Amino acid sequence: MTTMALRNTATLAWRTLVQIKHNPFELFDFSVQPIMFLLLFTYVFGGAIADSPGEYLTYALPGIIVQNLLFATLNTGVGLNTDISKGVFDRLRSLPIARFSPLAGRIVADVIKQAWAIALLLVLGIVLGFRIETGPAEVLATFALLLGFAFAVSWMSVLVAMLVSEPEKVQIFGFVLLFPITFASGAFVDPDTMPGWLRSFADVNPTSILADAARGLLSGGPVAGPVTQSLLWAAGFLVIFAPLSVRAFRRRI
Amino acid sequence: MSAPPAIVSGMDTTYAIHAEGLVKRFGDTTALDGVDLAVRPGTVLGLLGPNGAGKTTAVRVLATLIRPDAGHAEVGGFDVVRQPHQVRELIGLTGQYASVDETLNGTENLLMIGRLLGLSRRAARARAAELLERFDLTDAANRAAGKYSGGMRRRLDLAASLVGDPRLLYLDEPTTGLDPRSRNEVWDIVRRLVADGTTVLLTTQYLDEADQLAGEIVVIDHGRVIATGTPAQLKARTGAQTVTVRPAFGDELDRVREAVARVATGPVDVAGEVVTAPVSDPGALAKLVRDLDEHGLSVAELALRSPSLDEVFLTLTGGRA
């Protein structure tokens, strides 16, 4: 049974990844857009925000990675909702396969895509002048933390996908929620420059905390605090949204 | 030791599909209101009804996609609610709602299903190639399914439902939206499958399609079965056949109309130069011919025909198709 579940999940993850071959726009979505953000923030805003683009890059790269990661969690929900509305899910569910493998396959594929996007941004950042001040262990830890966080948050996207009727609505909901969360944070600028009320929000915002954790792990600096808090946030997302999503999944399909 | 668990096969395997009293509600809407169905192995049952009659809901219950609120259904002897996995091992589903992945190409769609069904990579590839060949899709094997024409998509959809060689095939409105040529292709495929022993549950809103493919028809409307029988039985149920007469000479129209009225069991209709009327007596035609002859009336056209399923359907549903 378990072997079957793993095989089914692998097949369905393959199915999601092989789509990229046919729909290069998807690749555009999760790699070109963050690259443009990276260039925009570094060269257009960087000099104005920090003393130089290079200095700003050191601060902003982890933030850009985190922002991109949060938006990319929407892919999971959009993909699931598309499968449901197009009838692909019905076909899958009429097959003798492990019940949750369509969900698991999608999530596994999306975590792989997330890893690709993080690596791409990191490499490009290095090309532009970002320096990793720590060692390979810290870099691996950064990946693990970011991917774990993405995995946890993607359950929110799964829940939305189960509750709305069309894929576009997942996108709209996600955008409305994620836009303020990612920008009213310490991802791109130091919250110290914000008005008090916004600063209080930015300080507890998981985007800020995860960006701080990535900064600490890649550039050196405080690690224990932000990493612990990030893990707590991730656990919170998982504990709240995974059971709700699974329940909604059972009901919807 | 206690007895080994019985190989959980249902009690009744006389029928490939056997449903009793299926009820399914969605909010205030009752999609199925006590539907009974019985399909013998190797036959085609046509589930006929207008849009919203509950056809798709019935298929979804029998395909284990939704649970009925009441009632009981067995597929291949397995209970659809308690043994969904076993049911899924027997069935293939094609239709308006079960669909192929538009972003994958033809080969990948079939490969995915083969792998999900436990075939090795090599076997899944071979099966995919074989099915693409059989459904005339080899040339489109490497094209994304989203770029297929309606007919090609439906063929790929059918191929996808056949990867596991199902004993039972559910076809949910398999030709809705297809042009006549593609429709004929799908019909040919279904006929071949039935000839090979596959049991088919076909839903359709096209009476012609049910007439062409199904050995037995269940007519449903508002979630209830309103008639069951072979196409011939259903046609006979409404009783009347129709006699059509075209007089050879226009000035004899009135006298021909009177002759027809003498055998008719309902109102005689005159449209242009053609007289039509319902008859039910098997000897009506012979009687009419003698009558016309005795009165020295000649006719250009004389025909007796069974009602079309459309007429049957309109009669059964009270004129609301």
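Within every chain, numbering begins at 1; the chains are lettered A, B, ... in the order of the sequence lines, protein sequences first and strands thereafter. Not measured: the values here are computed from a predicted model.
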(message) Report which part of B/N105 has an atom under 4.5 Å of a heavy atom belonging to chain A: side chain, backbone, both, or neither.
(response) both
(message) Between A/D90 and B/R60 (salt bridge meaning N to carboxylate O under 4.0 Å), is one present in this structure?
(response) yes
(message) How long is the straight-line distance from CG of A/D83 back to CG of B/D101, given to the nearest 0.5 Å?
(response) 6.5 Å
(message) Nearest 0.5 angstrom please: A/S94 OG to B/L62 CG, how far?
(response) 12.5 Å
(message) Any non-hydrogen side-chain atom of A/P96 less than 4.5 Å from a side-chain atom of B/L117?
(response) yes
(message) If I measure from the heavy atoms of chain A, does B/L116 come under 4.5 Å with its side chain, its backbone, both, or neither?
(response) both
(message) Closer than 4.0 angstrom, basic N to acidic O: yes or no for A/R91 and B/D157?
(response) yes
(request) Give a yes or no answer on whether the side chain of B/R115 reaches the backbone of A/T11 with a donor-acceptor pair at less than 3.5 Å. (result) no
(request) Kindly compute the distance separating CD1 (A/I97) from NE2 (B/H85), expressed to the nearest 0.5 Å. (result) 9.0 Å
(request) Taking the side chain as every heavy atom from C-beta outward, state whether A/R93 and B/L65 have any pair of such atoms under 4.5 Å apart. (result) yes
(message) Let's go through A/V18 and B/L104 carefully: what are the C-alpha distance in whole Å and the side-chain angles of both, what is the deciding distance for side chain to side chain contact (heavy atoms under 4.5 Å, CB included) to 0.1 Å, and is it a yes or a no?
(response) CA-CA 8 Å; A/V18 83; B/L104 299 186; 3.2 Å; yes
(request) Taking only Lys NZ, Arg NE, NH1 and NH2, and the carboxylate oxygens of Asp or Glu, determine whether B/E108 and A/R15 approach each other closer than 4.0 Å. (result) no
(message) So which residue, B/I113, B/I91, B/V163, ends up with the most heavy-atom pairs under 4.5 Å with chain A?
(response) B/I113
